[in-house]
Amino acid sequence: QVQLVESGGGMVQPGGSLRLSCAASGSIFRINDMGWYRQAPGKQRELVAPVTRGGSKNYADSVKGRFTISRNNAQNTVNLQMNSLKPEDTAVYYCNADVVSSRWRTTGDDYWGQGTQVTVSS
């Protein structure tokens, strides 16, 4: 089994910053893509930023220029630096990872963290 544990959420005023962290542990041979999703009340979960094992990144249009995703393959971690936060960034943020559990497997399984609340409000 694999566990993803997130940290770093909280409440911040508009224009402020937060840094989310996610650490994967358990039966891990290799982690392929990692990423951050978010879900606001009454809305569907949306992809915020994915990052490949090789470091290729993408961002949702709504966060481009404000959020930065990074990962450490040796430590099985992924972070999301969020700057210039807006009230519309308020959501539960989830870490996601495609994890290959052993060298005999060619495909990975999808794992999710428990979610961390980010609230942007004055």
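In Gln44, the CD atom is not crowded: 12 or fewer heavy atoms of neighbouring residues, nucleotides or ligands sit closer than 6.0 Å.
A distance of 10.0 Å separates CE of Met34 from CG of Asn72, quoted to the nearest 0.5 Å. Taking CG from Asp98 and CG from Asp33, the interatomic distance works out to 6.0 Å, rounded to the nearest 0.5 Å. Note: Arg38 CZ to Thr90 OG1 = 9.0 Å, rounded to the nearest 0.5 Å. Interatomic distance, CE of Met11 versus CG of Leu18, reported as 10.5 Å (0.5 Å rounding).
With a 6.0 Å cutoff to the six-membered ring centre and a 45° limit on the axis angle, Arg45 counts as a cation-pi contact of Tyr94.
Leu47 and Pro50 get closest at one heavy-atom pair: CD2-CG, 4.0 Å. Shown here for Val92 and Gln117, the closest heavy-atom pair between the two residues is CG2-OE1, 3.2 Å. Nearest heavy-atom pair, Ser17 versus Asn83, reported as atom, atom and distance to 0.1 Å: OG-OD1, 2.9 Å. The nearest pair of heavy atoms linking Pro14 to Ser122 is CD-N, 3.7 Å. For Leu4 against Ala24, the heavy-atom pair with the smallest separation is CD2-CB, 3.3 Å.
Annotation: side chain of Tyr59 is not in contact with side chain of Val51 (no heavy-atom distance under 4.5 Å). Taking 4.5 Å as the limit, every side-chain heavy atom of Val99 sits out of range of all side-chain heavy atoms of Asp109. Side-chain contact check for Met82 versus Val120: every heavy-atom pair is 4.5 Å or farther apart. In this structure, the side chains of Phe67 and Lys57 stay at 4.5 Å or more apart for every pair of heavy atoms.
In this structure a side-chain-to-backbone donor-acceptor pair under 3.5 Å is missing from Asn76 to Ile31. Between the Arg30 side chain and the Val100 main chain, no donor and acceptor come within less than 3.5 Å of each other. Checked by atom type and distance alone, the side chain of Gln1 never pairs as donor or acceptor with a backbone atom of Gly26 at under 3.5 Å. Between the side chain of Arg71 and the main chain of Thr52, a donor-acceptor pair closer than 3.5 Å is present. The closest donor-acceptor contact from the side chain of Asn96 to the backbone of Tyr111 lies under 3.5 Å.
Ring centers of Tyr37 and Trp112: under 6.0 Å apart, within the cut-off.
Cluster membership for Val12 and Tyr93, using ILVMFWY side-chain heavy atoms within less than 4.5 angstrom, is shared.
Residue pairs meeting the disulfide bond (SG atoms under 2.5 Å apart) criterion with at least one partner in residues 88-122, sequence neighbours excluded, are Cys22-Cys95.
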Intermediate values then yes/no, side chain to side chain donor-acceptor pair (under 3.5 Å), Gln81 and Asn79: CA-CA 7 Å; Gln81 178 66 42; Asn79 299 313; over 6 Å; no
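A salt bridge does not link Lys86 to Asp89: none of the charged nitrogens lies less than 4.0 Å from a carboxylate oxygen.
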